[in-house]
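Since we're looking at a predicted model, the values are computed, not measured.
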Amino acid sequence: MKIATWNINSVRLRIDLVKRFLTTIGDIDVLCLQEIKCRDDQFPAKALKAAGYIHQAVSGQKGYHGVAIVSRLPLRDVERRAFAGKDEARHIAATLPGGLRVHNFYVPAGGDEPDPKVNEKFAHKLAFMRDMSAWAKSACDAGARTVLVGDLNIAPREHDVWSHRQLLDVVSHTTAEVALMDKAIAAGKWTDVARQVIPEPEKVYTWWSYRAHDWRASNRGRRLDHVWVSPSLKNAALSGGRAHFVVHTECRGWDRPSDHVPVTLKLAS
DNA sequence: ATGGTGGGTACCCCA
């Protein structure tokens, strides 16, 4: 079972990149998308069906946000949840055959000013993370086989950013956000698969700003996209010591790319 | 210290 997650930054504009990714990487059963930036009826359902992803769960909205799960395997019990009291399309969940539940999140970016008193967007991001903790505590029972993926817009560890020192006051790497992400991980007893497979101090990035002359040369990246698994899947990404978690950095170098790259998780099944 | 680019949308929001 191979699952991918990708903040596509407009699925209509980049549907050809999605198809290229699915064919190039191959073997992907489930693709979770964030920032589809379209309404449900504008989602490129036909193109993805033609590519074999005939099972689709979409939570779109006009212009902003929006998440979707497309799959070669049937999806059931589709759920769209509102967090932090805002009815925005930032979460969708579905269950795969065999009972594997997939939660796809797009956490608010949080604006520029890292002060919840003056920046409502940052306050919203912190509230969203608190709500995510409360949800994880109640929704994630110990025996469930659950995967949580998405653009969580937080790079928690020192080596998840190009410069820990220079980003300490930059939204995405502040101590307030990281503390809340750690709480959410603890609340759901999640395993952060990227860091299980690629321990620090190795750098891991999934996002590079558009505002760089040469993203590869400057390499000022951040790990904003995450894959968490529930306790019963703790070792599912490791089989015989071999890692099955991959960051597809090459996609950032494609023509008209998203600023995020896809990551894949292969679960032993 | 600053500003850089790229989406959707409708003359400006957001990342």
Side-chain angles (χ1 to χ4, degrees), chain A residues 5-21 32-45 47 58-68 82-91 104-116 118-129 149-156 160-163 165-174 176-177 181 205-226 249-263:
Chain A
T5 177
W6 196 4
N7 178 323
I8 194 62
N9 187 20
S10 174
V11 70
R12 286 178 295 170
L13 191 70
R14 286 187 239 287
I15 184 60
D16 289 343
L17 291 194
V18 174
K19 290 195 285 184
R20 181 177 173 185
F21 169 69
C32 296
L33 295 167
Q34 304 87 36
E35 280 208 274
I36 60 173
K37 289 187 172 174
C38 64
R39 301 188 311 258
D40 289 10
D41 60 292
Q42 299 171 314
F43 186 75
V58 181
S59 179
Q61 72 177 71
K62 187 182 177 183
Y64 306 105
H65 325 311
V67 289
F83 285 81
K86 280 205 176 175
D87 188 25
E88 296 177 332
R90 296 184 178 276
H91 166 267
N104 179 14
F105 276 87
Y106 175 53
V107 172
D112 289 329
E113 185 60 52
D115 180 353
V118 299
N119 175 7
E120 190 276 330
K121 288 185 217 163
F122 192 64
H124 176 219
K125 183 179 196 175
L126 299 181
F128 193 102
M129 293 307 296
V149 302
D151 175 8
L152 305 186
N153 267 315
I154 297 172
D160 293 339
V161 292
W162 63 277
S163 169
R165 188 176 56 83
Q166 290 181 78
L167 288 175
L168 268 174
D169 290 320
V170 174
V171 170
S172 74
H173 193 59
T174 64
E177 294 163 82
M181 176 173 268
Y205 309 142
T206 66
W207 174 90
W208 291 261
S209 173
Y210 285 124
R211 301 174 189 179
H213 297 300
D214 186 336
W215 69 275
R216 209 190 297 268
S218 57
N219 198 24
R220 295 185 167 188
R222 303 178 202 172
R223 184 170 72 100
L224 303 179
D225 302 275
H226 297 265
T249 307
E250 70 274 17
C251 302
R252 186 63 177 78
W254 289 355
D255 197 39
R256 296 258 268 165
S258 168
D259 45 356
H260 294 254
V261 297
V263 308

**Request:** Walking along DNA chain B from 5' to 3', note the first and the last nucleotide with an atom under 4.0 Å from a heavy atom of chain A, and give both.
**Result:** B:dG4 to B:dA15
**Prompt:** On DNA chain B, nearest-nucleotide positions of A:Lys37 versus A:His213: which is more 5'?
**Reply:** A:His213
**Prompt:** Rounding to the closest angstrom, what is the interatomic distance between B:dT9 and B:dG3 at atom P?
**Reply:** 29 Å
**Asked** For A:Arg39, which contact category applies under a 4.0 Å heavy-atom criterion: base, sugar-phosphate, or nothing?
**Response** nothing
**Item:** Nearest-angstrom distance, C1' atom, B:dT2 to B:dG7
**Value:** 23 Å
**Prompt:** What are the two closest heavy atoms between A:Pro156 and A:His226, and how far apart are they?
**Reply:** CD-CE1, 3.6 Å
**Message:** Donor-acceptor check, side chain of A:Arg216 to backbone of A:Gly253, threshold 3.5 angstrom: yes or no?
**Reply:** no
**Message:** Using modelled atom types and a 3.5 Å cut-off, is there a donor and acceptor pairing between side-chain atoms of A:Thr206 and backbone atoms of A:Leu224?
**Reply:** yes
**Request:** Can you label the angle between the A:Tyr106 ring and the A:His65 ring as parallel, tilted or perpendicular, going by 30° and 60°?
**Result:** tilted
**Prompt:** With a non-hydrogen cut-off below 4.0 angstrom, is A:Arg220 in contact with a base, only sugar-phosphate, or nothing?
**Reply:** nothing
**Message:** Quick check on DNA chain B: between A:Gln61 and A:Asn153, whose nearest nucleotide comes earlier from the 5' end?
**Reply:** A:Gln61
**Prompt:** What integer number of Å spans the C1' atoms of B:dG4 and B:dA10?
**Reply:** 24 Å
**For A:Val161 against A:Arg222, the heavy-atom pair lying closest together** = CG1-CG, 4.1 Å
**Request:** Quick one: do A:Glu177 and A:Ser172 satisfy side-chain hydrogen bond (donor to acceptor under 3.5 Å, both in side chains)? Show the steps, please.
**Result:** CA-CA 7 Å; A:Glu177 294 163 82; A:Ser172 74; 5.6 Å; no
